[in-house]
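Right, one structure below, let's go through it.
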Number of protein chains: 2
Amino acid sequence: MHDKLKEHIEKIVPLSDDEFAFICTHFTTKKFKKHQFLIQEGEAVKYSYFVVSGLLKLVHTDGTGKQHIVSFAMEDWWESDYYAYYTQTKATMSLECIEDTEVLCISFEDYKKLCDGLQKIERFFLEKSNFGFIGSQRRIISWLTSNAKDRYEQLLKQYPSLIQRVPKSLLAAYLGVSRETLSRLSP
Amino acid sequence: MHDKLKEHIEKIVPLSDDEFAFICTHFTTKKFKKHQFLIQEGEAVKYSYFVVSGLLKLVHTDGTGKQHIVSFAMEDWWESDYYAYYTQTKATMSLECIEDTEVLCISFEDYKKLCDGLQKIERFFLEKSNFGFIGSQRRIISWLTSNAKDRYEQLLKQYPSLIQRVPKSLLAAYLGVSRETLSRLSP
DNA sequence: ATTACAAAGTGAGCTATATCACACTAAGGA
DNA sequence: TCCTTAGTGTGATATAGCTCACTTTGTAAT
């Protein structure tokens with residue numbers, strides 16, 4: 001199970017066996033069933049999660065109770081309510097399983113210890129964060145420049161597997177469109 | 001001029017005089033007039049910029065020639081076309097002065113050398129990147145949950161100084177609303 | 001088989017926002 | 001001083017997308 005993590009990190013920084021063993025001591029393994037919550041709005045955010053298998057949705061619920069999908073997280077993705085995680089405050093988003101999911105968990109304490117203990121991993125996290133930021137910026141540009149149909153097509157092109165795995169109503173909640181409108185876009 | 005940078009970094013990591021001197025060797029100073037370009041779409045992105053004074057806009061131009069503001073950058077902000085910078089490819093956005101602006105410039109080469117030579121600064125960049133990511137995610141949530149008027153009010157609340165400094169047509173291009181619609185929202 | 005529920009499609013009417021056209025004001029340059 | 005231009009406001013009309021209500025389909029459980 002940790003093998004996936006090793007492979008994932010080594011795409012960015014090479015690791016000796018000792019280094020990887022050290023990294024592993026900071027993570028714990030958990031399994032969740034579809035519909036279970038890893039993070040609930042209003043509660044403390046203990047962990048950042050590395051998805052080994054399965055699929056998650058990061059959800060923000062607005063004043064009227066409507067759910068908006070801030071992000072999906074599939075295999076090899078890192079996910080959490082990062083504001084709450086880094087500042088150790090209460091979650092403003094929930095993280096919920098769309099499929100049965102296996103994750104590796106790292107607490108904020110362990111994250112800091114890990115960065116202090118192994119510079120390479122800090123480099124790794126920096127690179128992840130940089131490209132995470134770029135990804136979000138891309139999504140903003142997609143919003144600024146495109147209508148619902150084009151954004152839908154961009155999403156399908158970027159993550160073709162997603163449409164097999166999640167109902168369209170969730171894609172709509174990610175795209176910021178009503179499910180009815182999305183349903184009318186397809187042709 | 002570098003003092004601003006020192007103050008800025010020390011909000012996150014403390015620095016000895018030697019360390020700061022080392023950091024400074026990686027930056028160069030530049031001044032630009034209103035309307036000048038720091039980055040032009042289609043050209044190479046040499047630098048990441050730290051804004052000492054002034055105001056910039058990061059702009060993406062769509063297929064129809066319409067300009068969309070991906071981000072503003074004011075004092076103490078870092079800005080660049082980061083995808084092009086990190087991957088050393090051509091810019092897909094331009095960076096242009098809204099006011100006369102002084103910046104500190106760091107090339108990608110120097111950025112890497114600096115991170116290799118001083119672990120502290122890598123920690124600093126990691127923290128900046130993390131919160132940059134969180135900021136973008138916030139903007140996405142704002143899009144998903146709010147209409148034009150609410151997004152405008154959120155923007156004014158978050159950056160009250162902005163409305164004094166930039167024409168409303170630019171705020172509209174940032175919010176993803178037509179300037180006419182923005183003009184009708186105010187009361 | 002039968003029921004129950006989640007997902008998807010569709011029609012009708014409504015609303016927020018876009019677009020186009022024009023008018024007004026303020027500021028800077030000739 | 002006059003002229004030009006950037007910024008802003010506003011009316012009229014068009015449209016993308018929303019909402020509500022209903023139907024259809026697929027799928028899992030009894």
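By convention in this document, chain letters (A, B, ...) are assigned in the order of the sequence lines, proteins followed by strands, and residues within each chain are numbered from 1.
The distance between atom CG of Leu144(B) and atom P of dG17(D), rounded to the nearest whole Å, is 15 Å. Rounded to a whole Å, the NZ atom of Lys34(A) is 9 Å from the C1' atom of dA6(C). In this entry the distance linking CG of Asp150(B) with P of dT17(C) reads 9 Å, nearest Å. Whole-Å rounding puts the His35(B) NE2 to dT5(D) P distance at 14 Å. In this entry the distance linking CG of Asn147(B) with P of dG17(D) reads 16 Å, nearest Å. Taking atom CG of Leu185(B) as the reference point, atom P of dG9(D) lies 11 Å away to the nearest angstrom. The separation between Ile163(A) atom CD1 and dA8(C) atom C1' is 12 Å, rounded to whole Å. Here the C1' atom of nucleotide dA6(D) and the CD atom of Glu99(B) are 16 Å apart, to the nearest Å.
Across dG9(C), dA12(D), dT17(C), the shortest atom-to-atom separation from the side chain of Ser183(A) is found for dG9(C).
Distances shorter than 4.0 Å separate some side-chain N or O of Lys66(A) from OP1 or OP2 on dT19(D).
Between Tyr111(B) and Phe125(B), a ring centre-to-centre spacing shorter than 6.0 Å is recorded. For an aromatic pair to be called close, the ring centres must be under 6.0 Å apart, and Phe27(B) with His2(B) fails this.
A salt bridge links Asp116(B) with Arg123(A); the closest basic N to acidic carboxylate O contact falls under 4.0 Å. A salt bridge links Asp76(A) and Lys4(A); the closest N-O separation between the charged side-chain nitrogens and carboxylate oxygens is under 4.0 Å. Here Asp17(A) pairs with Lys6(A) in a salt bridge; the nearest charged N to carboxylate O distance falls below 4.0 Å. In summary, Lys34(A) and Asp100(A) do not engage in a salt bridge, as defined by a charged side-chain N under 4.0 Å from a carboxylate O.
Counting distance only, with no hydrogens placed and no angle test, the side-chain atoms of Arg151(B) and the base atoms of dT17(C) include no donor-acceptor pair under 3.5 Å.
Non-hydrogen atoms lying under 4.0 Å from DNA chain D are contributed by Gly176(A), Val177(A), Ser178(A), Glu180(A), all within residues 167-180 of chain A.
Remark: Arg165(A) fails to qualify as a cation-pi partner of Tyr159(A) under the 6.0 Å distance and 45° angle criteria applied to the six-membered ring.
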